[in-house]
Number of protein chains: 2
Amino acid sequence: MKNRSIAAPEGPPRPKRADARRKMDSVLKAATKVFRESGVDAPVREIAERAGVGLGTVYRHFPQRSDLIVAVFQSSVDACADAAAALAKEHPPATALSLWLERYVDFIRTKSGLCKALYSGDPAYKALPDYFNQRLRPALTALLDAAVEARTLRSGTDPDDLLVAVANLCSAGHGRDPEHARRMVGLLVDGLRFGAGS
Amino acid sequence: MKNRSIAAPEGPPRPKRADARRKMDSVLKAATKVFRESGVDAPVREIAERAGVGLGTVYRHFPQRSDLIVAVFQSSVDACADAAAALAKEHPPATALSLWLERYVDFIRTKSGLCKALYSGDPAYKALPDYFNQRLRPALTALLDAAVEARTLRSGTDPDDLLVAVANLCSAGHGRDPEHARRMVGLLVDGLRFGAGS
DNA sequence: TTGCATGTGGAACAATGTTCCGTATATTGG
DNA sequence: CCAATATACGGAACATTGTTCCACATGCAA
């Protein structure tokens, strides 16, 4: 039995073929666009077509429709979280925080369509809220800490509170003017700046 | 033009045929059972079969699937609201209130599956929350007033508050023991009784 | 270049909402 | 009670969409 060929849990047995990665990526990008434009209920066929790929290819990479939704959600969360580090490098802390919160607002707004899926009770989406928190909290924490350290923000702000507060501000004015949420969040940040030099 | 034959909005031009009413009723009953047992996503065919009618008959009475869901919801609300008057006739006010709240708890529990539909964002369900409130509030108000008048309940309880409070108590222990909600509501009612003889 | 594991495309299947229409029946005027 | 007819019925047929399957194509290693 020198070479077990079944049920052997190895790491990554093989790197995926190059074209496979490329197609998977284009499917993910297409799905992101289609979900944004047509809602989460858009048919898988539309996504395949948009990605210039056959149906079978989509299902090879995302065996279930819900896997696609999960992947799009996670990649959006990742992009939003990663933006924090990028902004922190290119702007002073307080500015980075403001810009990132705008970015976060956009994320919440475009992803609000996915809420329908999240609240559907389908167990496939069980892990998404956790992913959301565990990915976004550190990103925001870093921004807050930097701004506090630079004495441009009051200390003692709970990142989780801020995340849900902003999310609620967005979903409050349901179909309203996109600028509204932005302004409200601006107010919130100004409030945080108020007691800066502790 | 002594007899306009189109676009003439009359009252009830004809009473529906007797068998039609009967079948519509059996469809509604079947749908209620099927939704309870298999969830709101149960196929229309299953309901038709259960009701012992053809698919066409279901769609004749409920042109869209959502119409069926709405009808089931409303008839459940009606039944719950009507139960208030019945209980009031057969029990002393405070008892009637307790019994009705138990009934209401059952309603909330069995209808929690419909919440998925209600929160789906489908405009077909827009009016349901309003229907819920406008039908149940008067029912509860009557029970509360009677108990207050009989000096077996403190006054000043807002019916809307009570409705949402109980609903929240139910949905809190999501998949929990059916008795739990009942006990919590019992506590609530005891609390209301406490300051009775104002 | 060759062999094959891997990946691809799309036909085919299954489930389900919805429409259509030939048939059956309740209702009504005689 | 009978015939005429508006009404209602049943279910086949259609449309859409998730999912599976497999003959064929292709990247990759020897």
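Values below: all heavy atoms of this structure, side chains included; hydrogens, waters and symmetry mates excluded.
As rounded to whole Å, 19 Å separates atom P of dA25(D) from atom CZ of Arg22(A). Regarding Leu55(B), its CG atom lies at a distance of 17 Å from the P atom of dA15(D), rounded to whole Å. Rounded to an integer number of Å, the gap from NZ of Lys23(A) to C1' of dA25(D) is 10 Å. In this structure, CZ of Phe62(B) is placed 13 Å from P of dA8(D), rounded to the nearest angstrom. Computed from coordinates, the Tyr59(B) OH to dA12(D) C1' distance equals 15 Å when rounded to whole Å. Atom CZ in Arg45(A) sits about 11 Å away from atom C1' in dA15(D), given to the nearest Å.
Scored by the salt bridge (charged side-chain N to carboxylate O under 4.0 Å, His left out) test, Glu46(B) finds no partners at all (sequence neighbours excluded).
At distances below 3.5 Å, not a single donor-acceptor pair connects side-chain atoms of Thr95(B) with backbone N or O atoms of His91(B).
Counting atom types as modelled, Arg17(A) pairs a side-chain N or O with a base atom of dT26(D) as donor and acceptor under 3.5 Å.
Distances shorter than 4.0 Å separate some side-chain N or O of Gln64(A) from OP1 or OP2 on dT19(D). A sub-4.0 Å separation between OP1 or OP2 of dC9(D) and a side-chain N or O of His61(B) is present.
Nucleotides of DNA chain C lying under 4.0 Å from heavy atoms of chain B occupy a range whose first and last members, 5' to 3', are dT16(C) to dT27(C).
The pair Asp130(A)-Arg135(A) does not count as a salt bridge, with every side-chain nitrogen at least 4.0 angstrom from each carboxylate oxygen.
Side-chain heavy atoms closer than 4.5 Å link hydrophobic residues (I, L, V, M, F, W, Y) into clusters, and following such links, possibly through other members, connects Val166(B) to Tyr131(B). Hydrophobic clustering of Ile, Leu, Val, Met, Phe, Trp and Tyr side chains at less than 4.5 Å, counting indirect connections, keeps Val164(B) apart from Leu128(B).
When the nearest nucleotides of DNA chain C are assigned to Arg21(B) and Gly56(B) by heavy-atom distance, the more 5′-ward of the two goes with Gly56(B). Judged by closest nucleotide on DNA chain C, Val44(B) is the one of Val44(B) and Asp19(B) placed further toward the 5' end.
Side-chain atoms of Val185(B) and Tyr104(B), non-hydrogen and from C-beta on, never get closer than 4.5 Å to each other. You'll find the side chain of Thr152(B) stays beyond 4.5 Å of the side chain of Pro92(B), heavy atoms only.
In this structure, Arg60(A) reaches the bases: a heavy-atom distance under 4.0 Å links it to at least one base atom across the strands shown.
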